[in-house]
**Student:** 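I'd like to ask you about the structure that follows.
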Amino acid sequence: MTSTDHQHPGGGPGSGPGDGPGPGDTARPGRWLALAVLVFAVLLVAVDATVLGLATPFLSEDLKPSGTQLLWIGDVYSFVIAGLLVSMGSLGDRIGRKKLLLTGAVAFGAVSVLNAYATSPEMMIVARALLGVAGATLMPSTLALIRNIFHDPKERSLAVGVWGAAASAGAAVGPVVGGVLLENFWWGSVFLINLPVMAVLVVVGIKLLPESKDPSPGPWDMLSVLLSLVGMVAVVYAIKEAAVHGFRWDIGVSAVVGVGALYWFVRRQRTLPSPLLDMRLFQHRGFSGAVLADLLTILGLSGLVFFLSQFLQLVQERTPLNAGLIELPAAVGAVAAGLTAGFLARRASVRLAVSGGLTAVGLSLLACTVFTSDTGEVALGCALFLGGLGAGLAFTVTADVILSSVPKEQAGAASAVSETAYELGAALGIALLGSIVTGIYRGFPVPAGVPADVAAAAHDSLGGAVESAAALPRDQAFALLESARDSFTDGFQTAALAGALVLFATAVAAWIMLRGQKLEEGIEH
């Protein structure tokens, strides 16, 4: 079933502003410039998710957060985005995607200033949460607007490819941008770069972006919004906390509350005349297969990328900028694959493109199982390029499948499902693969004579080991760091193997679930 199954002739439902294209609309003037504006927004949200990682040591020194506060500063942005994406996608379908995008862009810029000049850990946590609210308005709106700007399916495939490449490239460019800024300015600069980009987005977007929304959307159900937020945040929190601290009664309560809220959310959507998320979308095998592929791909990738940055900086002792540059081939691969994915999926098949992409990511993760402290730039770059190539191919085709599986008036909600799978996969990946790395790392043997408090700090994290070794005699410090780095590398390699197995299994599942799925060929009417 493609979106041609859902077309509405004449002036019926689905032919509201920006939703009922006629033949003359297919070559909307300025559509590629409009795409450039949307790509700007995606690039920035993706950069913002990774740029903070490098700034954390500087931020810690200035604001002096506790360990728990530091975790919340890092995590609350993705918690809030994951919890609000479906609600914001649905809100855009109701009030207008352009209106929501531009409002979110103004808020994103304003809250970025609050982040940059935060004076306490508590203020920083609140500022990061508010940035997550603004970020949640941007992502589903951008993909849904592409659905409504590009009516020629082949053009739309290319546009989705550019969008997907920007999202992938942003995550890889974040460490490079952060490295340059932190070598020249204070940590708040990583937030202030948002301002000029958002200003351009708003000024150009007002003129170039067409408005589009569901012409008969029904009311926005606030109880569903609350259930979605509580359910996602509670589940993601429970997974992350259990990975770091093991099982505790409060983590169990959080998991039960989260699952209960999500169950209630699903039950409620089935009974509402105008649901926040139409659960019937999941009856479409192509849609479900594409969402599952997104979730498990990012699960395998995100945990690895998270620990790869630490591996490059703390095991191979590279500078933040050098580490960021080594990760750039992933962005190059993602961009190349994103731009050609639609063509490949049409010439071969959707399931071959997606399964092939997932297999390439799996092979990239498999290559990481032989990385050591001596692995050179060429080997690292080749493995990351292959991973970027596979991810760009898989993500772009699945995004295209998700968009073409639903009627245009539900584009925001469908885009939000795709984005939620991405955010949930990222949280699960860091939590599950992170627990493998942490579990293996914490068992490393400490050399004789190392004080108990130093040993405890070293076992807490590799960063802690590097910091605490500075207080030890030279030979003892070298032995401690050697042991810690070897153990971290073992954990990193084991997690990479687990990620590779997940990706290979996902490639098989996608091959089965996407059987017969095709991208559209003709122009919509």
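In this text the structure is predicted, and so the values were computed from the model without any measurement. Counting begins at 1 with the first residue of the sequence.
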**Student:** Short question: side chain of S364, backbone of A383 - any donor-acceptor pair under 3.5 Å?
**Tutor:** yes
**Student:** Indicate yes or no for a side-chain donor-acceptor contact from Q476 to the backbone of A469 under 3.5 Å, with no hydrogens or angles considered.
**Tutor:** no
**Student:** Would you say V113 and L195 make side-chain contact, with heavy atoms under 4.5 Å?
**Tutor:** yes
**Student:** Identify the heavy atoms of L358 and A510 that sit nearest to each other, and give their distance.
**Tutor:** CD1-CB, 3.9 Å
**Student:** Looking at every heavy atom in both I146 and A159, which two are closest together, and how far apart are they?
**Tutor:** CG2-CB, 3.9 Å
**Student:** In terms of heavy-atom contacts, does CG of D475 have more than 12 from other residues, nucleotides or ligands at under 6.0 Å?
**Tutor:** no
**Student:** Just by distance, do the side chain of Q316 and the backbone of T375 share a donor-acceptor pair under 3.5 Å?
**Tutor:** yes
**Student:** Is a donor on one side and an acceptor on the other found under 3.5 Å between the side chain of S483 and the backbone of A479?
**Tutor:** no
**Student:** If you look only at pairs with a residue in residues 111-127, which of them pass as a salt bridge (Lys or Arg N to Asp or Glu O under 4.0 Å), with sequence neighbours excluded?
**Tutor:** none
**Student:** Would you give the length of the straight line joining atom CG of L325 to atom CZ of R318, rounded to the nearest 0.5 angstrom?
**Tutor:** 10.5 Å
**Student:** Search all heavy atoms of F311 against all heavy atoms of T372 and return the closest pair with its distance.
**Tutor:** CZ-O, 3.4 Å
**Student:** What's the spacing between I193 CD1 and F185 CZ if we round to 0.5 Å?
**Tutor:** 11.0 Å
**Student:** If you measure from CG on L365 to CG on L497, what distance do you get to the nearest 0.5 Å?
**Tutor:** 9.5 Å
**Student:** Considering non-hydrogen atoms only, spot the tightest contact between I326 and E377 and give its length.
**Tutor:** CD1-CG, 3.8 Å
**Student:** Find out whether V160 and F150 are in side-chain contact, i.e. whether some heavy atom of one side chain is under 4.5 Å from a heavy atom of the other.
**Tutor:** no
**Student:** What are the two closest heavy atoms between V315 and S373, and how far apart are they?
**Tutor:** CG1-CB, 3.8 Å
**Student:** Mind checking whether M198 and L138 have side chains closer than 4.5 Å, heavy atoms only?
**Tutor:** yes
**Student:** Can any side-chain N or O of N115 pair as donor or acceptor with the backbone N or O of A127 at less than 3.5 Å?
**Tutor:** yes
**Student:** Describe, in one word, how the ring planes of F191 and W187 are oriented to each other, choosing from parallel (under 30°), tilted (30 to 60°) and perpendicular (over 60°).
**Tutor:** perpendicular
**Student:** Can you check whether P451 reaches L472 side chain to side chain, under 4.5 Å on heavy atoms?
**Tutor:** yes
**Student:** Under 3.5 Å, side chain of S487 to main-chain N/O of Y441, donor-acceptor pair present?
**Tutor:** yes
**Student:** Are any non-hydrogen side-chain atoms of W32 and L158 less than 4.5 angstrom apart?
**Tutor:** yes
**Student:** Only counting residues at least two apart or in another chain, list the ones meeting side chain to side chain donor-acceptor pair (under 3.5 Å) with T506.
**Tutor:** none
**Student:** Taking S254 for its side chain and D250 for its backbone only, find out whether a donor-acceptor pair lies under 3.5 Å.
**Tutor:** no
**Student:** Rounded to the nearest 0.5 Å, what separates atom CG in L295 from atom OG1 in T398?
**Tutor:** 11.5 Å
**Student:** Are the side chains of F492 and L308 in touch, meaning some heavy atoms are under 4.5 Å apart?
**Tutor:** yes
**Student:** Mind listing the closest non-hydrogen atom pair of N194 and S112 along with its distance?
**Tutor:** ND2-OG, 2.8 Å
**Student:** Is there side-chain contact between W511 and L352, with at least one heavy-atom pair below 4.5 Å?
**Tutor:** yes
**Student:** If you round to the nearest 0.5 Å, how far is CG of D490 from CD1 of I436?
**Tutor:** 13.0 Å
**Student:** I'd like to know if the side chain of S355 and the backbone of A507 have a donor-acceptor N/O pair within less than 3.5 Å.
**Tutor:** yes
**Student:** Looking at L366, is its backbone amide N or carbonyl O close enough to the side chain of T369 to form a donor-acceptor pair, meaning the two atoms are under 3.5 Å apart?
**Tutor:** yes
**Student:** Using distance only, find each side-chain donor-acceptor pair of residues 332-343 under 3.5 Å and give its atom names and separation, not counting sequence neighbours.
**Tutor:**
residue : atom : partner : partner atom : Å
T340    : OG1  : A336    : O            : 3.0
T340    : OG1  : A337    : O            : 3.3

**Student:** Would you mind reporting whether T489 and F371 have side-chain heavy atoms less than 4.5 Å apart?
**Tutor:** no
